[in-house]
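Here's the structure we're looking at; comments come further down.
We name chains A, B, ... by the order of the sequence lines, and we start the count at 1 in each one.
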Protein chains: 2
Amino acid sequence: MTNPTSQTTRIWTSLLTVSQDLTDSIEAELKTHGLPKLSWYDALLEIEKAGADGIRPYELKERLLLPQYGTSRLLDRIAKAGLITRQDVENDGRGQIIRLTPKGRDTRKVMWPIYAAMLVRSIEHRLSNSEAVALGRLLSKLAKPRS
Amino acid sequence: MTNPTSQTTRIWTSLLTVSQDLTDSIEAELKTHGLPKLSWYDALLEIEKAGADGIRPYELKERLLLPQYGTSRLLDRIAKAGLITRQDVENDGRGQIIRLTPKGRDTRKVMWPIYAAMLVRSIEHRLSNSEAVALGRLLSKLAKPRS
DNA sequence: CCTATTTAGATGCAATTGCATCTACTAGGA
DNA sequence: TCCTAGTAGATGCAATTGCATCTAAATAGG
């Protein structure tokens with residue numbers, strides 16, 4: 001059995017703790033401002049990017065790395081909050097199209113500065129420019145080869 | 001409002017997707033072998049490290065970055081599976097001491113090679129030695145200053 | 001056409017998580 | 001001692017997640 005090197009283990013534990021710490025503090029910050037969670041933000045952003053054409057739930061699920069039922073229920077909740085609309089597709093009777101409402105656009109816009117400030121504070125301020133470039137490059141080497 | 005640089009954003013998204021992908025694939029691998037989840041592994045490892053002295057739940061919670069109630073319930077489940085024992089503390093009537101059972105030790109031991117293989121495959125094989133050192137160093141710069 | 005497969009999405013039910021609160025015990029004064 | 005805070009841990013209840021399955025519609029093969 002091949003054991004990982006100590007560097008590998010160190011990378012793995014840092015990866016986990018860093019991403020969990022950041023996620024937790026961003027979520028906490030959003031919550032103190034009475035705003036929705038990160039998962040909502042991600043969904044709202046993808047839907048906004050899709051523009052007036054909207055986006056199909058199955059596409060969203062791929063971009064957000066969520067399971068199908070998770071996507072379905074996330075959309076339920078976001079729709080209940082009035083941030084998106086669901087419209088039946090005409091040429092495919094199974095599907096629907098998700099679009100952002102003005103309120104959804106607003107919500108994302110309000111969330112962004114808070115989110116952004118945390119990223120700047122937790123990442124940008126801790127790395128020099130060349131370190132940031134290097135880290136970006138190294139992390140992308142660990143990303144799954146696109147399926 | 002200060003927007004993050006594109007490097008910052010890139011780091012953040014990679015950080016999230018990489019750690020989620022790795023976590024998901026390790027969990028999946030453990031599950032196909034009929035083994036418990038990563039969170040159990042982490043707990044078992046910390047408890048094992050504590051040795052015969054055992055460990056108090058409040059210490060465990062700090063090391064695992066779990067909320068208090070999460071720790072309490074995780075320990076419930078692990079105990080129900082017979083992997084740990086809970087013993088009342090004598091000099092502090094509120095507390096308890098957690099220790100690993102032989103079965104708990106075995107379980108961790110069986111989980112490790114599977115876990116390890118995934119780490120080697122997903123991290124070690126994708127980085128040169130010097131890249132690994134660099135990545136470890138950069139990630140640790142992002143870690144929360146110890147409270 | 002007609003049947004078998006596949007795809008998009010929803011949903012019942014169990015397990016887990018989050019939140020708030022509760023109990024029991026300890027510690028620190030007055 | 002008595003009262004007040006603080007700490008360790010558990011727990012009721014609501015929200016979320018995971019799993020398996022289900023429905024409806026599209027597509028493929030004969």
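For the pair B:S25 (side chain) and B:D21 (backbone), a donor-acceptor distance under 3.5 Å is present.
B:R99 and B:Q87 share a donor-acceptor pair across their side chains, judged by distance under 3.5 Å alone.
Here C:dA15 presents its P atom at 17 Å from CD of B:E27, a figure rounded to the nearest Å. Rounded to a whole Å, the NZ atom of B:K80 is 13 Å from the C1' atom of C:dA14. Protein atom OH of A:Y58 is 14 Å distant from nucleotide atom C1' of D:dA25, rounded to whole Å. As rounded to whole Å, 9 Å separates atom C1' of D:dA15 from atom NZ of A:K37. Between A:I97 atom CD1 and C:dA8 atom P there is a gap of 13 Å when expressed in whole angstrom units. In this entry the distance linking CD1 of A:I98 with P of C:dA8 reads 14 Å, nearest Å. Regarding B:D88, its CG atom lies at a distance of 13 Å from the C1' atom of D:dA10, rounded to whole Å. Protein atom CG of B:L60 is 14 Å distant from nucleotide atom P of D:dA8, rounded to whole Å.
Salt-bridge annotation for B:R108 and B:D42: absent, with no side-chain N of the basic residue lying under 4.0 Å from a carboxylate O of the acidic one. A salt bridge links B:R63 with B:E59: at least one charged nitrogen is closer than 4.0 Å to a carboxylate oxygen.
A continuous path of ILVMFWY side-chain contacts below 4.5 Å connects B:I47 to B:L66, so both sit in one hydrophobic cluster. Hydrophobic clustering (ILVMFWY, side-chain heavy atoms < 4.5 Å, transitive): B:V120 and B:I26 are in distinct clusters.
Under 4.0 angstrom from either OP1 or OP2 of D:dG9 there lies at least one side-chain N or O belonging to B:R56. For A:R77, a side-chain nitrogen or oxygen approaches OP1 or OP2 of D:dT17 to under 4.0 Å.
Taking the six-membered ring where tryptophan is involved, the planes of B:W112 and B:Y41 are essentially parallel, since the angle between them stays under 30° and well short of 60°.
Where A:V89 and A:K31 each meet DNA chain C at their nearest nucleotide, the meeting point lying more 5' is that of A:V89. Between A:R94 and A:R86, it is A:R94 whose nearest contact on DNA chain C lies nearer the 5' terminus.
Contacts of residues 63-75 of chain A with DNA chain C (heavy atom under 4.0 Å): A:Q68, A:Y69, A:S72, A:R73.
At the heavy-atom level, A:D76 lies nowhere under 4.0 Å from the strands shown.
Among the nucleotides C:dC19, C:dT26, C:dA10, the one closest to the side chain of B:D92 is C:dT26.
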